[in-house]
Visitor: 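One structure coming up, written as structure tokens, with questions to follow.
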Amino acid sequence: MALIYIVEDDASIREVETIAMKTSNYDVHAFDRASSFYDRLKQETPDLILLDIMLPDESGYDIVKKLRSNSSTRRIPVIMVTAKTEEIDMIKGLDEGADDYIRKPFSVLELLSRVKALLRRTSDDKNPDLIELGDISLDNQKHSVEVNGKKTELTFKEYELLRYLMINKDLVLSRESIMRYVWGTDFEGETRTVDVHIKTLRQKLGDAGKQIATVRNVGYVIHSSSENAE
């Protein structure tokens, strides 16, 4: 289930977007200003952001510029939602790093179509068959993992956990998002399961396990090498 953040100060539009996303089985968090959005972003990285341009405390242009300048958020897909109709405004949003834009007023069907298309495209980009990161090589076609050229035997959940970390390298992943992706649930009481699997995964990866870093009170991130991990 994809996680979508909606940043929109107009309550009626925010409600329409939220209902549309939830009806399509997306997990949704909605915000009426940039400050509350940033607070939540520190806790969990979404799969896509619907971003209004005109907010009370910061413009959408500035927000997307900040997202693209940070290594932990630069790959998050962003659709800018705007009441501005001038072409130059659309171009500015795309130049700052937005992936797509949609004009207000919009139809729910158009909104859902844009969201699905962008999620599908970015999902394809994030899921290559062969991923190499430092000493770790993961071949999704063979469903195998090698460390320094030697095959490493992992359980199914350990494999899925490692793959999720690797396709999101350098992005901090919360325990909740890991639970949702690997176990298909976001029940907070089960997040201890993630810690246990991270521990066994690190052990099986040997020295390469040091590439997986713990982010206190948040979750985990995998780096290109153990030198970057804390």
Side-chain angles (χ1 to χ4, degrees), residues 1-4 26-27 41-49 67-68 70-78 99 116-187 190-230:
M1 180 188 298
L3 173 62
I4 295 178
Y26 295 124
D27 192 7
L41 191 61
K42 294 175 183 177
Q43 301 175 38
E44 187 168 14
T45 303
D47 297 291
L48 183 143
I49 299 170
L67 292 173
R68 296 303 180 238
N70 189 315
S71 62
S72 65
T73 59
R74 66 166 53 116
R75 291 196 294 272
I76 302 174
V78 176
D99 298 278
K116 290 176 181 178
L118 184 53
L119 283 173
R120 185 167 55 248
R121 188 171 79 235
T122 54
S123 177
D124 290 342
D125 291 342
K126 287 172 63 177
N127 288 276
D129 288 328
L130 181 63
I131 312 173
E132 295 182 337
L133 198 60
D135 296 328
I136 307 170
S137 177
L138 184 148
D139 190 324
N140 199 46
Q141 284 192 333
K142 297 180 180 178
H143 208 272
S144 66
V145 173
E146 292 184 355
V147 177
N148 286 320
K150 296 182 179 179
K151 190 171 182 179
T152 300
E153 295 295 338
L154 302 179
T155 66
F156 178 77
K157 293 301 185 184
E158 289 167 350
Y159 176 88
E160 289 298 306
L161 173 57
L162 177 61
R163 181 168 176 268
Y164 186 48
L165 289 167
M166 291 181 74
I167 62 180
N168 291 283
K169 70 172 183 176
D170 297 323
L171 287 178
V172 177
L173 302 174
S174 70
R175 290 174 175 83
E176 290 76 17
S177 67
I178 294 173
M179 284 296 300
R180 188 183 302 113
Y181 181 89
V182 179
W183 281 271
T185 178
D186 56 3
F187 178 49
E190 295 295 330
T191 55
R192 176 61 182 164
T193 300
V194 176
D195 299 333
V196 172
H197 279 73
I198 287 287
K199 181 178 180 180
T200 59
L201 178 59
R202 282 172 169 157
Q203 292 173 344
K204 290 185 177 181
L205 294 175
D207 287 341
K210 296 177 182 178
Q211 292 176 221
I212 302 174
T214 302
V215 180
R216 188 180 299 274
N217 298 324
V218 181
Y220 298 95
V221 58
I222 192 168
H223 296 290
S224 301
S225 69
S226 58
E227 296 179 357
N228 297 324
E230 296 180 359

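Note that this is a predicted model, so its numbers are computed, not measured. Each residue takes its place number in the sequence, starting with 1.
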Visitor: For the pair R68 (side chain) and I76 (backbone), establish whether a donor and an acceptor sit closer than 3.5 Å, ignoring hydrogens and angles.
Guide: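 At least one qualifying donor-acceptor pair exists.
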
Visitor: If I take atom OG from residue S224 and atom CG from residue D170, how far apart are they, to the nearest 0.5 angstrom?
Guide: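 Taking OG in S224 and CG in D170, the distance rounds to 5.0 Å.
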
Visitor: Can you list the steps and then say if L130 with L138 is a side chain to side chain contact (heavy atoms under 4.5 Å, CB included)?
Guide: CA-CA 6 Å; L130 181 63; L138 184 148; over 6 Å; no

Visitor: Working to the nearest 0.5 angstrom, can you tell me the gap between S144 OG and E153 CD?
Guide: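 Here the rounded value is 9.0 Å.
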
Visitor: Just how far is it from atom CG of L3 to atom CG of L48, taken to the nearest 0.5 Å?
Guide: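 Reported to 0.5 Å precision, the distance equals 9.5 Å.
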
Visitor: Under 3.5 Å, is there a donor on one side chain and an acceptor on the other for T200 and E158?
Guide: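 Present: a donor and an acceptor within the cut-off.
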
Visitor: Could you work out, with side-chain hydrogen bond (donor to acceptor under 3.5 Å, both in side chains) as the rule, every residue matching Y220, not counting sequence neighbours?
Guide: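 Expected list: D195.
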
Visitor: Could you check whether any side-chain N or O of E44 sits under 3.5 Å from a backbone N or O of S174, counting only pairs where one atom can act as donor and the other as acceptor?
Guide: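 Looks like no, no N/O pair under 3.5 Å.
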
Visitor: Spell out, as yes or no, whether a donor-acceptor pair under 3.5 Å connects the side chain of D139 to the backbone of K142.
Guide: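 Yes, because the side chain of D139 sits within donor-acceptor range (under 3.5 Å) of the backbone of K142.
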
Visitor: N148 side chain to D135 main-chain N or O, any donor-acceptor pair under 3.5 Å?
Guide: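 Checking the backbone N and O of D135 against the side chain of N148, no donor-acceptor pair under 3.5 Å is found.
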
Visitor: Check this for me: N217, atom CG, are more than 12 non-hydrogen atoms of other residues, nucleotides or ligands nearer than 6.0 Å?
Guide: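 No, CG of N217 has 12 or fewer neighbouring heavy atoms, counting only those of other groups under 6.0 Å.
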
Visitor: Could you pull out the closest heavy-atom pair between I198 and I212, with the gap in Å?
Guide: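 Nearest heavy atoms, I198 then I212: CD1-CG2, 4.2 Å.
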
Visitor: Begin from the C-alpha positions of D47 and D27 and carry the test side chain to side chain contact (heavy atoms under 4.5 Å, CB included) through to its verdict.
Guide: CA-CA 10 Å; D47 297 291; D27 192 7; over 6 Å; no

Visitor: What closest approach, in Å, do V221 and V215 show between heavy atoms, and which atom pair accounts for it?
Guide: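 That would be CG1-CG2, 3.9 Å.
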
Visitor: L201 pairs by side-chain contact (heavy atoms from CB on, under 4.5 Å) with which of T152, L154, V145?
Guide: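 The option that passes is L154.
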
Visitor: I'd like to know whether NZ of K204 has more than 12 heavy-atom contacts from other residues, nucleotides or ligands below 6.0 angstrom.
Guide: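 More than 12 heavy atoms, drawn from other residues, nucleotides or ligands, come within 6.0 Å of this atom.
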
Visitor: Does T73 use its side chain to pair, donor to acceptor, with the backbone of L67 at less than 3.5 Å?
Guide: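 It does hold such a pair.
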
Visitor: Mind checking the CG-OH spacing from L173 to Y164? Nearest 0.5 Å is all I need.
Guide: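 Here the interatomic distance stands at 5.0 Å.
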
Visitor: For residues G209 and R202, report the shortest heavy-atom separation together with the two atoms involved.
Guide: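 Minimum heavy-atom separation between G209 and R202: O-CG, 3.5 Å.
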
Visitor: Side chains of R75 and T45: any donor to acceptor distance under 3.5 Å?
Guide: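 There is no such pair between these side chains.
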
Visitor: Got a second to check how far M179's CE is from L161's CG, nearest 0.5 Å?
Guide: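 These two atoms lie 11.0 Å from each other.
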
Visitor: Restricting to non-hydrogen atoms, name the atom on L133 and the atom on Q211 that form the minimum distance, rounded to 0.1 Å.
Guide: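 The answer is O-NE2, 3.3 Å.
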
Visitor: I'd like to check P46 versus I4 (side-chain heavy atoms, cut-off strictly below 4.5 Å). Are they in contact?
Guide: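 Contact flag for P46/I4 side chains = no.
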
Visitor: Using 0.5 Å steps for rounding, measure from the CZ atom of R192 to the NE2 atom of H197.
Guide: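 Going from the CZ atom of R192 to the NE2 atom of H197 covers 12.0 Å.
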
Visitor: With sequence neighbours left out, write down each residue that passes side-chain hydrogen bond (donor to acceptor under 3.5 Å, both in side chains) with R74, or none if nothing qualifies.
Guide: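 None.
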
Visitor: Is E176 reaching over with its side chain to a backbone N or O of Q43, donor-acceptor style, under 3.5 angstrom?
Guide: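 Such a contact is absent between E176 side chain and Q43 backbone.
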
Visitor: Stepwise, does the side chain to side chain contact (heavy atoms under 4.5 Å, CB included) test hold for I222 with I136?
Guide: CA-CA 11 Å; I222 192 168; I136 307 170; 4.3 Å; yes

Visitor: Dump the intermediate steps for side chain to side chain contact (heavy atoms under 4.5 Å, CB included) on L119 and Y26, then the final yes or no.
Guide: CA-CA 11 Å; L119 283 173; Y26 295 124; 3.7 Å; yes

